[in-house]
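Since the structure is predicted, the reported quantities are computational estimates derived from the model, not experimental observations. We're numbering straight along the sequence, starting at 1.
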Amino acid sequence: MKKKTVLFLCTGNSARSQMAEALLRNKAADQFDVFSAGTSPEQVDVRTIEAITRFGIDAGDLVSKHLQTFAGKDFDYVITLCEKANNECRSYPGAGKQLAWDFPDPKTRTGNHPFSSTMTELNNRLSMFLLVENKVTSKASNEIAIETKIEDRNQSAPERLIDFDPITFYKCLTDDIRLKSLMLTHYHGELCVCELMEALNEESQPKVSRNLALLKKAAIISDRKHGQWVFYRINPNLPLWAKSVIAETTENNLGLIMSPLERLDIMQNRPNKVSFCR
């Protein structure tokens with residue numbers, strides 16, 4: 001079987017995208033050819049190499065590369081790992097599927113072991129990615145073995161301080177449409193109402209829109225408008241603890257959204273997010 005190709009994009013290609021490249025190669029080199037690049041590449045941070053090595057993975061061949069290195073090349077998956085890279089390259093030319101993941105920059109992240117914490121979070125997200133893209137059964141999806149090679153995972157950066165009500169946050173998770181919308185958006189990075197309707201097999205647009213409006217009012221999601229489309233994503237200013245709740249809920253309960261993800265994967269005429277690649 002021909003291996004699929006994955007390109008991880010970040011701004012500097014010095015930390016997060018290098019970690020993701022090393023992790024996915026280690027996890028599934030028999031299934032994927034993995035690459036990474038940056039929109040404004042910098043030298044690979046020595047702390048990145050140290051974190052990868054502590055995870056038991058060889059980091060000797062990691063080199064920072066500019067996005068233009070891969071100009072004209074098609075990829076099965078293009079995955080952005082930071083808000084800036086997603087904004088600069090919202091729709092990568094030649095990407096079979098594009099995902100927008102947002103991880104804190106370990107170079108500016110406070111708390112104990114910021115690089116190790118980022119490494120572990122990326123590892124868990126990639127475990128979820130493999131389960132979804134390989135169409136593993138719902139039962140197996142709920143049996144993800146979370147690897148804990150790095151100690152003190154929960155001693156990561158304190159949350160960003162915004163006016164955020166935890167009671168409202170948890171109330172929002174009690175509704176089926178809202179919870180699954182958050183899980184689907186967490187996985188894909190950005191979705192519009194029509195995509196969520198298709199994924200959730202929900203015919204009522206007002207019903208989905210009302211629930212998205214509640215999530216937006218609670219500051220859990222944010223939106224952007226492009227033409228006739230409104231795209232929703234997890235609020236990048238959400239406190240880190242709240243992002244972790246959504247992430248771990250998704251990663252450990254994939255059975256809840258496996259069918260919606262499959263419906264979304266075969267959806268026809270999905271909205272064009274328009275290329276902002278530079």
Inset, instruction - Please answer: with hydrophobic residues joined when any side-chain heavy atoms are less than 4.5 Å apart, are F35 and V44 in the same cluster? - result: no
Inset, instruction - Can you label the angle between the F169 ring and the W241 ring as parallel, tilted or perpendicular, going by 30° and 60°? - result: perpendicular
Legend entry - S64 vs S14, side-chain contact (heavy atoms from CB on, under 4.5 Å): CA-CA, chis, key distance, verdict: CA-CA 6 Å; S64 181; S14 61; 5.7 Å; no
Legend entry - Within-4.5 Å side-chain heavy-atom neighbours: E195 and P271: yes
Legend entry - L200 side chain reached by L184 side chain, heavy atoms, under 4.5 Å: yes
Inset, instruction - Return yes if some donor-acceptor pair links the side-chain N/O of Q205 with the main-chain N/O of M197 below 3.5 Å, else return no. - result: no
Inset, instruction - Check for a donor-acceptor pair, side chain of N134 on one end and backbone N or O of L130 on the other, with a separation under 3.5 Å. - result: yes
Inset, instruction - Could you tell me how the ring of W101 sits relative to the ring of F129: parallel (under 30°), tilted (30 to 60°) or perpendicular (over 60°)? - result: perpendicular
Legend entry - Heavy-atom pair with the smallest gap, counting every atom of A242 and L238: CB-CG, 3.7 Å
Legend entry - Contact summary for F164 and P239, nearest pair of heavy atoms: CD2-CG, 3.8 Å
Inset, instruction - Indicate the atoms forming the closest heavy-atom contact of C82 with D102, along with that distance. - result: CA-OD1, 3.8 Å
Inset, instruction - Kindly say whether L215 contributes a backbone atom to a donor-acceptor pair with the side chain of R178 at under 3.5 angstrom? - result: no
Legend entry - Residue pair N123 / M119, side-chain heavy-atom distance below 4.5 Å: no
Inset, instruction - Indicate yes or no: does E42 engage K107 in a salt bridge with an N to O separation below 4.0 Å. - result: yes
Inset, instruction - Please tell me if the side chains of I220 and N235 come closer than 4.5 Å, counting only heavy atoms from C-beta onward. - result: no
Legend entry - Interatomic spacing from CD in E21 to CD1 in I57 - rounded to 0.5 Å: 11.0 Å
Inset, instruction - Could you go through the side-chain hydrogen bond (donor to acceptor under 3.5 Å, both in side chains) check for R109 and S117 one step at a time? - result: CA-CA 10 Å; R109 184 174 181 170; S117 295; 4.7 Å; no
Legend entry - Stepwise side-chain contact (heavy atoms from CB on, under 4.5 Å) check, R270 with L264: CA-CA 9 Å; R270 292 177 67 175; L264 190 56; 3.9 Å; yes
Inset, instruction - For the residue pair R54 and S116, confirm or rule out a side-chain donor-acceptor distance under 3.5 Å. - result: yes
Inset, instruction - Output the distance between atom CG (L179) and atom CG (N211), rounded to the nearest 0.5 Å. - result: 11.0 Å
Legend entry - Side chain proximity check, M19 to I52, heavy atoms < 4.5 angstrom: yes
Inset, instruction - Take L182 and I221 through the side-chain contact (heavy atoms from CB on, under 4.5 Å) test and state the conclusion after the steps. - result: CA-CA 8 Å; L182 288 173; I221 62 172; 3.6 Å; yes
Inset, instruction - Could you pull out the closest heavy-atom pair between T53 and A59, with the gap in Å? - result: OG1-CB, 4.2 Å
Inset, instruction - Rounded to the nearest 0.5 Å, what's the gap from OH on Y187 to CE on M128? Could you check? - result: 6.0 Å
Legend entry - Check: N13/S36 side-chain N/O donor and acceptor closer than 3.5 Å: yes
Legend entry - Beyond-backbone contact of F8 with L122, side-chain heavy atoms, under 4.5 angstrom: no
Legend entry - Common cluster, L23/I49, ILVMFWY with side-chain heavy-atom separation under 4.5 Å: no
Legend entry - Salt bridge present between R90 and E190 (N-O < 4.0 angstrom): yes
Legend entry - Beyond-backbone contact of L212 with L196, side-chain heavy atoms, under 4.5 angstrom: yes
Legend entry - D61 atom CG, over 12 foreign heavy atoms within 6.0 Å: yes
Legend entry - Polar side-chain atom of K3 near backbone of A29 as donor-acceptor pair, under 3.5 Å: yes
Legend entry - Spacing of CG belonging to L99 relative to CG belonging to L9, to within rounding of 0.5 Å: 11.5 Å
Legend entry - Check: T48/Q18 side-chain N/O donor and acceptor closer than 3.5 Å: no
Legend entry - hydrophobic_cluster_shared for L214 and I246, side chain cutoff 4.5 Å: no
Legend entry - Side-chain donor/acceptor of D33 to backbone N/O of T5, under 3.5 Å: no
Inset, instruction - For K97 and E133, run salt bridge (Lys or Arg N to Asp or Glu O under 4.0 Å): C-alpha distance rounded to whole Å, both residues' side-chain angles, the deciding distance at 0.1 Å, then the answer. - result: CA-CA 11 Å; K97 182 183 290 188; E133 299 306 326; 3.2 Å; yes
Legend entry - Heavy-atom check, side chain of H186 versus side chain of E251, under 4.5 Å: yes
Inset, instruction - Hey, could you give me the CG/CZ distance between L24 and F32, rounded to the nearest 0.5 Å? - result: 6.0 Å
Inset, instruction - Take atom NZ of K65 as the centre, draw a 6.0 Å sphere, and report whether it contains more than 12 heavy atoms from other residues, nucleotides or ligands. - result: yes
Legend entry - Donor-acceptor pair between T249 and N253 side chains, under 3.5 angstrom: no
Legend entry - Nearest heavy-atom neighbours spanning C89 and T80: O-CG2, 4.3 Å
Legend entry - Heavy-atom pair of closest approach, residues T118 and P104: OG1-O, 4.0 Å
Inset, instruction - Using atom types as modelled and distance alone, determine if a side-chain donor or acceptor of R16 lies under 3.5 Å from a backbone N or O of F103. - result: yes
Legend entry - Worked verdict on R263 versus M267 for side-chain contact (heavy atoms from CB on, under 4.5 Å): CA-CA 6 Å; R263 284 193 289 269; M267 178 181 176; over 6 Å; no
Legend entry - E121 with R125: basic N within carboxylate O range, under 4.0 Å: no
Legend entry - Spacing of C10 atom SG and N86 atom CG [to the nearest 0.5 Å]: 11.0 Å
